[in-house]
Amino acid sequence: MTFIETIGVAWEGLLLNKLRSFLTTLGVIIGVAAVILMIAISAGAAAAIADQINALGTNLILISAQRGTPGKPPTLVYDDALALAQGVKGISGVAAEQSVTDQVIQWGTANFTIPTLGETPDFPTVRQVPVGSGRFFTQVDLDRKNKVIVLGSKVAHDLFGDTNPVDQEVMLGNTHLTVIGVMAPKGSVGGVDYDDQVYVPLTVLYQRYLANTPVQNRVRAIYVSAASAETMDSAISQIKTLLARRHGVTVSNPDFTVQTQQDIIQTQQATTETFRTLLAWVAAVSLLVGGIGIMNIMLVSVTERTREIGVRVSIGARPDDVRMQFLLEALILSLFGGLVGVVAGIGGAWLFNETGVMRTALVPWSLGLAFAAAAAVGIVFGYFPANTAANLDPIEALRHE
Amino acid sequence: MDNDSLIRVENLVKIYDGGEVPLRALDGVSLTIARGEFVAIMGHSGSGKSTLMNVLGALDRPTEGRYWLDGEDVGEMDVEELADLRNRRIGFIFQSFNLLPRLSALQNVRLPMLYRLENRLDAAKREKTAIAALEVVGLGSRLYHRPNQLSGGQQQRVAIARALINQPALILADEPTGNLDTKSSEEIIGILQNLNRQGVTIVMVTHESDVAAHAGRIVHMKDGKIMTDGPNGHRQRDAAPALESRGGAA
């Protein structure tokens, strides 16, 4: 029997039991669709993280103090930021940042606690958080320790409602501060809601909120934006050299870390990679279950058609003909399931995206992978039943009722 | 070896080890059947006649003994050669017809041609050949009926058309009339006799002596052995001229 004819025979076999064939295929359909969808979801999540990190600022270099040891606290200070601004070439801005415990903010009778940050004038440009109304503070505000505050957009709305906050006076902790500006909405980036925090000049933070800390003028991070992508590498090496000299350490054994956006993205992606692998395995397991479903039904089918097999052998079918017939039945089931599963996976990913349930990004290789896996499942799980059929004793088979 | 002999078996022994005592289903059977013979094998159930048929049909291998079909040693053949033997050299007819229930009469008859490897016909020729074969057995108007839409006699005629489709030299019929009424039985026997006249060798197992009476030679078996083997003295040569009486079927 030719291959094409065997396909015909296998196809007829499947058509005889359309509902059962479809239900058998369903396992593979779901498995394949799940693989594609899971990979699309994790790719979507990775893309979302990358977008967020890009939103931190372009060509951003992040300098942070390494965790201090007892007796030797971290030593990144405001003066380091000033030194970098003067001493490093090819950069467009330096922003130093320090945080304190959440403070109570009050205007009139409205009050709540709010994350509070001390910032320097380059914050809006370096971190790409534009000012919505009013202004951000200047170097003059910092130098004179002016008691001013800039609000995140959500804070402004929660505290003032429809009133214009600019030039109003608020209480933050025990200090009266004048609102000079409100930031434009930015949303959450990397778990920080930029709209739900307030900013005061770094010097004011030191004076009013961190007066009793052991190390004066400490900052938790310095952000430097390189003038362009080309100056990044040069800027990083200048920063390392300069800070190492200031801190009295070597570049190879520093007490600070210098990261780029790229580093942060890679770290985040490594995290999601684990998640992604897990999802893919879950989907692969469902594909495996689909394969077992095929094997189960094929075994039932072989038993049901034992007599048919006996008849075919008695009129000249070779064991290979019988094996191929049942193997092809399993393969057709799994390939059909694979095809429908690919369509369902693409459709599901599109639907998730369109309805805003979850951001998804179709990964082309996942389509091929899932389809190939379905085919492999058909061959692997179809082989055992097909072999059972091929090895039946024809006399026993003919007697089978 | 005699050039006219189609089947020659020597000292066939078949032992089944299944039960407490090994069963000798065939116990030293030797038999030669010439080309063109019509042999009936008779015996009670358990006499070994079905086992002999299975061995002759290359569905089963004997424990001991040798089997030549058309001068070729069947015991030396591998599975592929055995399949080819069943496909082109032997046609089976069963008591329970053994048609594939979901296929039409035409598809059933066509099946052996699909498994054929040598001298294959193309699809159109296969269709034509199958239709012609069904017309020969008088079922030209039932091509697309499924087995359950046909009477027992009609199903057996489809089975005969299927057995003949690759033009085998040998037809093995295992109780071909066992499930049929008298009239259908006569028609089937008539067709077999007709084939025999055209030169096809027929070996038929039956336990009905009036069916065996149509054969030219009767072999009696008991306990796996041949008891008597001789020409049929009372052959009813023209008892069922079934084909001739069917309009346009010949």
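Scope of the values below: all heavy atoms of this structure, side chains included, with no hydrogens, waters or symmetry mates. Below, read A as the first sequence line, B as the second, and so on, with proteins coming before strands; counting in each chain starts at 1.
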Contact origin within L103(B) toward chain A - heavy atom pairs under 4.5 Å: side chain

Heavy-atom distance under 4.5 Å to chain A: side chain of R88(B), backbone, both or neither? neither

Under 3.5 Å, is there a donor-acceptor pair linking the side chains of S96(B) and R307(A)? yes

Side chains of R318(A) and Y115(B), donor plus acceptor under 3.5 Å: no

Residue pair F92(B) / S314(A): nearest heavy atoms and the distance that separates them: CD1-O, 3.1 Å

Of all heavy-atom pairs linking A317(A) and A83(B), the shortest is O-CB, 3.9 Å

Stepwise, does the side chain to side chain contact (heavy atoms under 4.5 Å, CB included) test hold for R162(B) with V311(A)? CA-CA 11 Å; R162(B) 183 181 66 187; V311(A) 172; 3.5 Å; yes

Please report the interatomic distance CG(L99(B)) to CD(E308(A)), rounded to the nearest 0.5 Å. 12.0 Å

From CG (L59(B)) to CG (L398(A)), nearest 0.5 Å: 6.5 Å

Looking at Q107(B), R102(B), R86(B), which one has more heavy-atom pairs under 4.5 Å with chain A than the rest? R86(B)

Among N166(B), D60(B), D84(B), N98(B), residue most engaged with chain A (heavy-atom pairs, under 4.5 Å): N98(B)

Crowded around [X] [atom1]? As in, over 12 foreign heavy atoms under 6.0 Å?
X: F371(A); atom1: CZ; result: yes
X: E304(A); atom1: CD; result: yes
X: M324(A); atom1: CE; result: no

Quick one: does N87(B)'s side chain have a donor or acceptor within less than 3.5 Å of a partner on I315(A)'s backbone? yes

